[in-house]
Amino acid sequence: MTAEPEPTAPSEVVIEELARTQNESERERLVSSNPTLLSAEVVTDLLAKVVERVRVDIPQARSLAESALLIARKTRRQRGNCHGAAGQGKRAVRKRRP
């Protein structure tokens, strides 16, 4: 039985790329091409960076905040899909509702 390798944390380069995105489609493309971004820990880290960045560059802080929201939604959707696949469909539906 072999264990799957743990995904590595996203690099600072990817975080900086997220900060420079200017629209939702750029953020979607970047997040989709970097699966290491899809975790609650990354959302927490991005929110901390928003607080730091807002003092220096408001547009980049906003891009990071919007990226955090996108990742949070995708992470939540993945969790719901896992519950559905495990035969917990009703629970998954409840989790998806706002």
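Everything quoted here is computed from the prediction, not taken from an experiment. Note that the numbering runs from 1 along the sequence shown for the chain.
The side-chain heavy atoms of S63 and R27, taken from C-beta on, include a pair separated by under 4.5 Å. Side-chain contact between D45 and I15: absent, with no pair of heavy atoms (C-beta onward) separated by less than 4.5 Å.
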| Stepwise side-chain contact (heavy atoms from CB on, under 4.5 Å) check, T36 with V42 | CA-CA 8 Å; T36 59; V42 170; over 6 Å; no
| task | Verify side-chain contact (heavy atoms from CB on, under 4.5 Å) between L37 and L18, making sure each step is shown before the conclusion. | result | CA-CA 10 Å; L37 292 171; L18 284 172; 4.1 Å; yes
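Looking at every heavy atom in both residues, R53 comes nearest to A19 through NH1-CB, 3.5 Å. Heavy atoms only, all atoms of each residue included: E26 and Q22 are closest at OE1-N, 2.8 Å. Considering all non-hydrogen atoms of both residues, S67 and T21 come closest at OG-OG1, 4.4 Å.
Separating the CD atom in E16 from the CG atom in L64 is a distance of 7.5 Å, to the nearest 0.5 Å. Here the CD-CG distance, from E41 to L46, works out to 11.5 Å after rounding to the nearest 0.5 Å.
With hydrophobic clusters built from ILVMFWY side chains whose heavy atoms lie under 4.5 angstrom apart, L47 shares a cluster with I71.
The pair E12-K49 counts as a salt bridge, with a side-chain nitrogen and a carboxylate oxygen less than 4.0 angstrom apart. For E28 and K74, the salt-bridge test passes: some basic side-chain N is under 4.0 Å from an acidic carboxylate O.
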